[in-house]
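Quick notes on the structure that follows.
Sequence lines set the chain letters: A, B, ... in the order given, protein chains first and strands last, and positions in each chain run from 1.
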There are 2 protein chains.
Amino acid sequence: MTESTRPMRRQDIRRENERAILLAAEKVFAEAGFGGATMQLIADLAGLPKANLHYYFATKEELYRSVVQNIFEIWLQAANCFDAARGPIDGISAYIDAKMEISRRHPDGSKVWASEVMHGAPVLQDYMESTLREWTDGRVAIIRRWIDEGKMDPVDPRHLLYMLWATTQHYADFGHQIETLNGGKPLSSRQWQEAKENIKRVILTGIGALPA
Amino acid sequence: MTESTRPMRRQDIRRENERAILLAAEKVFAEAGFGGATMQLIADLAGLPKANLHYYFATKEELYRSVVQNIFEIWLQAANCFDAARGPIDGISAYIDAKMEISRRHPDGSKVWASEVMHGAPVLQDYMESTLREWTDGRVAIIRRWIDEGKMDPVDPRHLLYMLWATTQHYADFGHQIETLNGGKPLSSRQWQEAKENIKRVILTGIGALPA
DNA sequence: TTGCATCCTGACCGTATGGTCAGCTTTCAG
DNA sequence: CTGAAAGCTGACCATACGGTCAGGATGCAA
């Protein structure tokens with residue numbers, strides 16, 4: 001066995017290990033919550049000795065913070081869909097698609113985010129009071145404009161946003177419940193598609209953007 | 001100070017202490033999750049020595065199980081609204097009202113329930129596979145009937161139910177986020193009312209039960 | 001009043017966990 | 001080639017936690 005693998009340059013090592021740790025941490029935090037997660041479990045899942053975790057992330061809190069911030073980035077990126085849109089049909093459709101895709105591809109991240117908010121956002125409070133608030137205010141303005149332009153009914157923009165967040169996020173956070181009610185099987189591609197279409201149809205019709 | 005208070009009969013003592021413990025436990029489990037909650041914290045909040053908790057609830061798991069089952073009862077009771085209804089407008093309106101009231105009155109319970117499901121329902125798996133599944137199947141049948149009778153559009157009943165659960169539950173589970181975006185203040189009675197009306201209007205219109 | 005079951009609790013225990021550290025190996029710039 | 005910086009890790013530590021228990025206090029039926 002000559003070492004055909006790994007020259008492994010310093011930079012690569014660091015990047016690769018941090019990635020593995022963050023991935024493992026995301027899963028463990030999602031499954032057990034912050035309090036229930038242990039560094040040992042994360043280390044085992046990442047395939048590293050526990051002490052090595054502390055080399056990259058000094059404390060459990062710091063590791064958790066990194067995981068949560070990663071999710072928040074992804075979450076915010078889905079926002080772009082909204083901006084480019086010409087009206088509610090485009091914008092909200094794209095946003096629902098994007099957020100459902102996050103629920104499907106990053107269920108663990110979604111759960112960590114949900115858990116963080118449920119526990120009073122100890123880590124993200126700053127972000128919520130700055131970035132999230134700005135983002136929300138911006139989208140509220142866009143929706144108001146759409147209403148003024150007669151492109152949709154006068155629905156309270158904030159409650160509409162909450163509805164979008166709730167319905168899409170639900171498929172990740174309550175995925176286990178949905179799976180159980182689906183006969184113990186994860187939703188198929190087809191079922192994910194149906195979910196998206198149902199949500200889009202009900203909401204877009206509900207706000208008067210689509211003909212009833 | 002003569003003891004005008006407390007003759008405190010045995011039965012009363014037991015009932016009162018169990019109530020206090022369950023209330024405290026609900027709050028602590030909601031705020032910290034199962035793993036993050038400590039018996040000491042619960043005991044302090046209930047105003048009892050820790051050892052006394054173990055007199056009433058042998059283990060942390062048993063206490064947690066009691067809390068979760070309590071919530072599940074409340075959750076299921078909101079179901080009755082559905083049955084008595086003559087059509088989607090009555091039924092879904094009443095269900096949304098009931099579930100929003102739960103989110104408002106029992107935010108801690110809602111969070112514990114959400115947390116339990118998010119972590120794979122280790123305690124409630126049995127219930128989910130029996131009671132919840134039956135309940136869901138029953139409601140799906142009712143919605144199908146409404147669709148057949150032309151009282152609403154042919155929306156997938158399951159996804160509609162998920163939407164109802166998600167939107168209403170969101171106001172409890174993500175209450176902190178909503179509060180932050182509301183300028184740091186809890187929703188007023190008026191705002192709760194608006195939330196309910198928005199949700200009802202969008203969904204009922206969205207499924208074609210109300211005129212657009 | 002008595003005896004007993006229930007209720008209560010301070011002190012204690014074993015374990016698991018987050019975190020530390022001394023000293024090793026590996027990479028790489030000069 | 002060499003020295004220093006980066007990466008790695010087994011062994012260890014202090015603490016906090018869930019849970020136990022012996023024995024005291026209290027309510028109550030007879």
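Note: Trp146(B) and Phe82(B) have parallel aromatic rings, judged against thresholds of 30 and 60 degrees for the angle between ring planes. Note: Phe34(A) and Phe29(A) have parallel aromatic rings, judged against thresholds of 30 and 60 degrees for the angle between ring planes.
The interatomic distance linking Asp12(A) (CG) with dT27(C) (P) rounds to 11 Å, in whole Å. Distance, Asn52(A) CG to dT26(C) C1': 13 Å, rounded to whole Å. When rounded to the nearest whole Å, the span between NE2 of His54(A) and P of dC12(D) equals 18 Å. When the P atom of dA16(D) is taken as reference, atom CG of Asp44(B) falls 14 Å away, rounded to whole Å. In this structure, CG of Leu53(B) is placed 10 Å from P of dG18(D), rounded to the nearest angstrom. If you take NZ of Lys50(A) and P of dG7(D), they are 21 Å apart, rounded to a whole angstrom. Taking atom CZ of Arg15(A) as the reference point, atom P of dG7(D) lies 12 Å away to the nearest angstrom.
Qualifying salt bridge (Lys or Arg N to Asp or Glu O under 4.0 Å) partners for Arg145(A), counting only residues two or more places apart in sequence or in other chains: none. Under the salt bridge (Lys or Arg N to Asp or Glu O under 4.0 Å) criterion, Glu194(A) pairs with Arg190(A), sequence neighbours left out. For Asp90(B), there are no salt bridge (Lys or Arg N to Asp or Glu O under 4.0 Å) partners two or more places apart in sequence or in a different chain. For Ile71(B), the side-chain contact (heavy atoms from CB on, under 4.5 Å) partners at least two apart in sequence or on another chain are Glu26(B), Trp113(B). The salt bridge (Lys or Arg N to Asp or Glu O under 4.0 Å) search around Arg15(B) returns Asp12(B), not counting sequence neighbours. For the ring pair (Phe, Tyr, Trp, His ring centres under 6.0 Å) test, residues two or more places apart in sequence or in another chain that qualify with Phe174(B) are His170(B). Residues passing the side-chain contact (heavy atoms from CB on, under 4.5 Å) test with Arg158(A), sequence neighbours excluded: Thr136(A), Asp137(A), Val140(A), Asp156(A), Tyr162(A), Leu181(B). With sequence neighbours excluded, the residues satisfying ring pair (Phe, Tyr, Trp, His ring centres under 6.0 Å) with Tyr127(B) are Phe72(B).
Residues from residues 59-69 of chain B that place a heavy atom under 4.0 Å from any atom of DNA chain C: there are none. Near DNA chain C, meaning a heavy atom under 4.0 Å from it, residues 30-43 of chain A has Ala37(A), Thr38(A), Met39(A) in order of number.
Counting only N and O atoms by type, the side chains of Glu197(B) and Gln193(B) include a donor and acceptor under 3.5 Å apart.
Side-chain N/O atoms of Asn17(A) include one lying less than 4.0 angstrom from OP1 or OP2 on dC8(D). For the OP1/OP2 pair of dC8(D) and a distance below 4.0 Å, the side-chain nitrogens and oxygens of Tyr56(A) include at least one atom meeting the criterion.
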Write out a two-atom table: protein N or O, nucleotide N or O from nucleotides 3-6 of chain D, distance below 3.5 Å.
from, atom 1, to, atom 2, distance (Å)
dA5(D), N3, Arg10(A), NH2, 3.2

Each nucleotide N or O in nucleotides 21-25 of chain C that has a protein N or O under 3.5 Å away: list the pair and distance.
none

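For Lys27(A), the NZ atom counts as loosely surrounded, since its 6.0 Å shell holds 12 or fewer non-hydrogen atoms of other residues, nucleotides or ligands.
Counting non-hydrogen atoms under 4.0 angstrom, Phe57(A) reaches nothing in the nucleic acid.
Between Glu61(B) and Arg65(B), none of the side-chain N atoms (NZ, or NE/NH1/NH2) sits under 4.0 Å from a carboxylate O, so this pair counts as no salt bridge.
Exactly one of Tyr95(A), Tyr171(A), Trp75(A) qualifies for a ring pair (Phe, Tyr, Trp, His ring centres under 6.0 Å) with Trp165(A). That residue is Trp75(A).
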